[in-house]
Number of protein chains: 2
Amino acid sequence: MGKLFSISNYNEIKEFFHKKGLKCTPQRQAVLKVLQESKSYLSINKIHKNVKELLPETGLATVYRSLETLVELNLVVKVHLEDGCHSYAIAPEGHRHPIVCTDCNSVIEYTECPMEDLSKQISEQTGVQINTHFLQLFGKCKECQA
Amino acid sequence: MGKLFSISNYNEIKEFFHKKGLKCTPQRQAVLKVLQESKSYLSINKIHKNVKELLPETGLATVYRSLETLVELNLVVKVHLEDGCHSYAIAPEGHRHPIVCTDCNSVIEYTECPMEDLSKQISEQTGVQINTHFLQLFGKCKECQA
DNA sequence: CTCTAATTGAGAAAGTTTCTCAATTGTATA
DNA sequence: TATACAATTGAGAAACTTTCTCAATTAGAG
Ligand SMILES: [Zn+2]
Ligand SMILES: [Zn+2]
Ligand SMILES: [Zn+2]
Ligand SMILES: [Zn+2]
C-alpha cells in the first residue's frame, strides 16, 4: 500500500520497523507523520482525527496500537502533564528534554541534558543508584512572551 | 466524627483544610494517612483498599475527590510513571523531587532542587521563559542494591 | 444544640483503553 | 510477478477508569 513519506524518508522509517520485525503499515506511518508535522503534543483523539484525514478508515484501536509500537521504537514519547499523561509527541533525537509552552502548547527541544553530571552527584549524596530520569520544563515560548 | 491522627497532628491538618474553607472529614484524613504511612506511591485502587481498612464505608468516588483536594492543598502529589500517571504519593515538604526505586517502588526524597540555577541558564540559552519543571529520578535504592 | 452548606455513598453515566476475531495486507520467497 | 503466511487491521464488545447526580449525612459556626 501507499507510502506516506517521501521515498528517502520512507526507507529510513521502514528500516526502523523492519529491524524489530514489524511491518511498515500506512497506519503506523500516518501516526508518525501526524506527530512529526505537529509542533505540539497531541492527545489520542486529536491524533486519531488527524490520522483519519490521511487514512479515513483508520480505527481508534489501531492508533493506540501504533502509538504503543512507536513509543517502543523510541520514535514517539508520552508527554506527562499536570492533569494526565494522555498525550504524545515526536521523540527528540537522542536524549533530550522537551520544554512545553504553557500558553500555546508548542514543544521546544532542549538539546542538552543537565542531569548527566547531576545523576552521579545525587547517587553519591543519597546512596541511591540513579539510572534514569524524567524531566520536563514548562514556560513561555518566545512568541507567547511578545 | 473521629480523628484519625494524634491530637497535635490533627490540629495541624485541620488548619490546612480550614484555611481553604474545607471540612476536615475522616475520609480526607484517611486518604492522607494512608499515603503518609506508605513509603511508596500508591494507585487509586490501593489507596481505596487501604482507606477502607480505616473507614470501611468509604466510596471510591470519595477517594477520587479527596485526592483532588489533597493535591490542590499540595499535601499529595501525582506520580508519573512510564505507563501512566494514576498513582499518588505524599507530597514532600517544600519543593523537592522524588527518587523512585524501580525495584521496590519506594520513594526516596531528594531534598535539593538541581533545577533552580539551571532554569535561568536554560532560559537564556533557549529564549524560553522557564517557569516550572517536573523532575523525577529513577534508580535502585540502598536496600535493593544489596 | 441547632442550622446550614459542604461532603458523602451509591449507582448511573461518561469516557478511556484493551480485547476478540474475521478480513486484509505487507513482505519474504520462489 | 505470483504465492503463502504471519502480522496487522477495523469494528464492536468488553473491561476498566473517572465523573456525575442526588438524597442522606455531617462538620463546624453560631
Ligand atoms: Zn507559546
Ligand atoms: Zn536528561
Ligand atoms: Zn504522567
Ligand atoms: Zn526542582
Side-chain angles (χ1 to χ4, degrees), chain A residues 1-5 7 10-11 13-32 42-49 51-73 76 78-88, chain B residues 1-5 7 10-11 13-32 42-49 51-52 54-73 78-88:
Chain A
M1 215 278 212
K3 302 166 184 56
L4 291 174
F5 290 92
I7 293 164
Y10 172 75
N11 285 335
I13 290 155
K14 204 174 168 179
E15 265 295 289
F16 257 98
F17 289 112
H18 287 189
K19 257 187 244 169
K20 298 258 185 174
L22 298 165
K23 288 185 183 179
C24 185
T25 67
Q27 292 86 348
R28 284 171 177 164
Q29 289 176 59
V31 171
L32 184 59
L42 300 174
S43 68
I44 300 256
N45 285 332
K46 191 81 171 79
I47 294 168
H48 186 208
K49 194 168 155 262
V51 163
K52 280 197 287 188
E53 279 170 24
L54 298 172
L55 283 178
E57 304 301 299
T58 312
L60 179 57
T62 299
V63 173
Y64 275 97
R65 291 184 284 224
S66 296
L67 285 170
E68 199 185 352
T69 302
L70 291 168
V71 168
E72 259 166 38
L73 291 173
V76 164
K78 190 182 266 205
V79 178
H80 295 248
L81 304 166
E82 306 261 318
D83 53 336
C85 31
H86 310 289
S87 293
Y88 292 82
Chain B
M1 215 280 212
K3 304 166 185 57
L4 289 175
F5 289 92
I7 293 165
Y10 173 75
N11 285 334
I13 289 155
K14 206 173 168 181
E15 268 294 289
F16 257 99
F17 288 113
H18 288 188
K19 258 188 244 170
K20 299 257 183 177
L22 297 165
K23 288 184 180 177
C24 186
T25 66
Q27 291 86 348
R28 284 171 178 163
Q29 290 176 57
V31 171
L32 185 59
L42 300 174
S43 69
I44 301 257
N45 285 331
K46 192 81 173 76
I47 293 168
H48 186 207
K49 194 167 156 264
V51 163
K52 281 197 289 189
L54 298 171
L55 282 178
E57 304 301 297
T58 312
L60 179 57
T62 297
V63 173
Y64 274 97
R65 290 184 287 225
S66 297
L67 285 169
E68 200 185 352
T69 302
L70 291 168
V71 168
E72 259 165 38
L73 291 174
K78 190 181 268 204
V79 178
H80 294 249
L81 305 166
E82 307 261 319
D83 54 335
C85 31
H86 310 290
S87 292
Y88 292 82

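Worth knowing before you read on, the calculation uses all heavy atoms, side chains too, and leaves out hydrogens, waters and symmetry mates. Letters go in sequence order (proteins before strands), and every chain restarts at 1.
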Worked check of side chain to side chain contact (heavy atoms under 4.5 Å, CB included) between T25(B) and F17(B)
CA-CA 9 Å; T25(B) 66; F17(B) 288 113; over 6 Å; no
Quick test: give all pairs of protein nitrogen or oxygen and nucleotides 27-29 of chain C nitrogen or oxygen below 3.5 Å, distance rounded to 0.1 Å.
residue	atom	partner	partner atom	Å
dT27(C)	OP1	H18(A)	NE2	2.5
dT27(C)	OP1	C24(A)	N	3.0

Spacing between Y64(A) atom OH and dT20(C) atom C1', to the nearest angstrom:
17 Å
What is the distance from NZ of K46(B) to P of dT17(D), rounded to the nearest Å?
15 Å
H18(B) NE2 to K23(B) NZ distance, which is reported to the nearest 0.5 Å
9.5 Å
For L55(B) and dT25(D), what is the distance between atoms CG and C1' respectively, to the nearest whole Å?
14 Å
Output the distance between atom NZ (K14(A)) and atom CZ (R28(A)), rounded to the nearest 0.5 Å.
14.0 Å
R28(B) atom CZ is separated from dT26(D) atom P, nearest whole Å, by 15 Å
Using atom types as modelled and distance alone, determine if a side-chain donor or acceptor of H48(B) lies under 3.5 Å from a backbone N or O of T58(B).
yes
Residue among L55(A), L54(A), V63(A) satisfying side chain to side chain contact (heavy atoms under 4.5 Å, CB included) with Q27(A):
L55(A)
To the nearest 0.5 Å, what is the distance between CG (L22(A)) and OG1 (T69(A))?
6.0 Å
Starting at atom NZ of K19(A), determine the distance to atom P of dA7(D), rounded to an integer number of angstrom.
20 Å
Relative to F16(B), does K20(B) satisfy both conditions: NZ or CZ under 6.0 angstrom from the six-membered ring centre, and within 45 degrees of the ring's axis?
no
Quick one: pull up CG in L32(A) and CD1 in I13(A) and give me the separation to the nearest 0.5 Å.
5.0 Å
Tell me which nucleotide among dT17(C), dT18(D), dT8(D) gets nearest to the side chain of I44(A).
dT17(C)
Can you tell me how far the NZ atom of K49(B) sits from the NZ atom of K46(B), to the nearest 0.5 Å?
4.5 Å
Q27(B) side-chain N/O to dA27(D) phosphate OP1/OP2 under 4.0 Å:
no
N/O to N/O distances under 3.5 Å, protein versus nucleotides 11-13 of chain D:
none

In this structure, how many angstroms lie between the C1' atom of dA27(D) and the CD1 atom of I13(B), rounded?
16 Å
Side chain to side chain contact (heavy atoms under 4.5 Å, CB included) with Y88(B): of L70(B), I47(B), L42(B), V31(B), only one passes, and it is I47(B)
H86(A) and H86(B) aromatic ring geometry - parallel, tilted or perpendicular at 30°/60° bounds:
tilted
For the helix from dC1(C)-dG30(D) to dA30(C)-dT1(D), how many degrees between its two end axes (five pairs per end), to the nearest 10°?
50°
Rounding to an integer number of Å, can you tell me how far Y88(B) OH sits from dT17(D) P?
13 Å
L60(B) has an atom CG; how far is it from atom C1' of dC16(D), in whole Å?
11 Å
